[in-house]
Peer 1: 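Have a look at this one before I ask anything.
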Amino acid sequence: QVQLVESGGGLVQPGGSLRLSCAASGSIFSIYVMSWYRQAPGKQRELVATITSGANPSYGDSVKGRFTISRDYDKNTVYLQMNRLKPEDTAVYFCNADLVEYSGTVYRRNDYWGQGTQVTVSA
């Protein structure tokens, strides 16, 4: 069993900053990729940023140059530093981990999601 716990969401003014955290715990053997997604009312879920096991980041076009994704390998944690926030960034942000779980007898490749954290950008 694997659990992802997110934190750092909240209310911020346009132009402000927030830092989201997502910590994975449980029977984790290794994590290949960690990502941040977001979903706003009336919109499809979109990929915000992703980072590989080699620490190579990539970003959606709407956040490129403003957001930074990073990993702490020892803590199985991914971060999203969000700068110069805009009202269009308002959404529920979800953490995702593509990982290998080890129960003690079996290795299992799977995808896990956090519970989501609300980010609201408003004056």
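For the numbers below, each heavy atom of this structure counts, side chains included, while hydrogens, waters and symmetry mates do not.
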Peer 1: Does atom CZ of R109 have more than 12 heavy-atom neighbours, drawn from other residues, nucleotides or ligands, at distances under 6.0 Å?
Peer 2: yes
Peer 1: Ignoring hydrogens, what is the shortest heavy-atom contact between T50 and S58? Give both atom names and the distance.
Peer 2: CG2-OG, 2.6 Å
Peer 1: Out of curiosity, does F94 fall in the hydrophobic cluster containing W36 (side-chain heavy atoms, cut-off under 4.5 Å, transitive links)?
Peer 2: no
Peer 1: Looking at I69, is its backbone amide N or carbonyl O close enough to the side chain of Y59 to form a donor-acceptor pair, meaning the two atoms are under 3.5 Å apart?
Peer 2: yes
Peer 1: Is it true that Q3 and Y112 share a donor-acceptor pair across their side chains at a distance under 3.5 Å?
Peer 2: no
Peer 1: Is there side-chain contact between S30 and E101, with at least one heavy-atom pair below 4.5 Å?
Peer 2: no
Peer 1: So N83 and F67, do their side chains get closer than 4.5 Å, heavy atoms only?
Peer 2: no
Peer 1: Any idea which heavy atoms bring V119 and G9 closest together, and the distance?
Peer 2: CG2-CA, 4.2 Å
Peer 1: Ion pair present between D89 and K86, side-chain N to carboxylate O less than 4.0 angstrom?
Peer 2: no
Peer 1: Locate the shortest heavy-atom distance separating I51 from V78; write the atom from each residue and the value.
Peer 2: CG2-CG2, 4.2 Å
Peer 1: How about CG on N110, more than 12 heavy atoms from neighbouring residues, nucleotides or ligands closer than 6.0 Å, or not?
Peer 2: yes
Peer 1: State, without any angle test, whether S27 and R108 hold a side-chain donor-acceptor pair at a distance under 3.5 Å.
Peer 2: no
Peer 1: Is it the case that the side chain of T90 and the backbone of V121 share a donor-acceptor pair, with hydrogens and angles ignored and the cut-off at 3.5 Å?
Peer 2: yes
Peer 1: Is the closest side-chain heavy-atom distance between L18 and L85 below 4.5 Å?
Peer 2: yes
Peer 1: Would you check if T68 and L80 make a side-chain contact, meaning some heavy-atom pair closer than 4.5 Å?
Peer 2: no
Peer 1: Would you please classify the geometry between the Y37 ring and the W113 ring as parallel, tilted or perpendicular, with 30° and 60° separating the classes?
Peer 2: tilted
Peer 1: Got more than 12 heavy atoms from elsewhere within 6.0 Å of OH, Y102?
Peer 2: yes
Peer 1: Are any side-chain N or O atoms of R71 and backbone N or O atoms of T52, one a donor and one an acceptor, separated by less than 3.5 Å?
Peer 2: yes
Peer 1: Is there a donor-acceptor contact under 3.5 Å from the side chain of T77 to the main chain of K75?
Peer 2: yes
Peer 1: Does the side chain of Q44 reach to within under 4.5 Å of the side chain of Q39, using non-hydrogen atoms?
Peer 2: no
Peer 1: Is the side chain of R84 donor-acceptor paired with the backbone N or O of G65 at a distance under 3.5 Å, no angle test?
Peer 2: yes
Peer 1: How many angstroms lie between atom CG of L20 and atom SG of C95, to the nearest 0.5 angstrom?
Peer 2: 9.5 Å
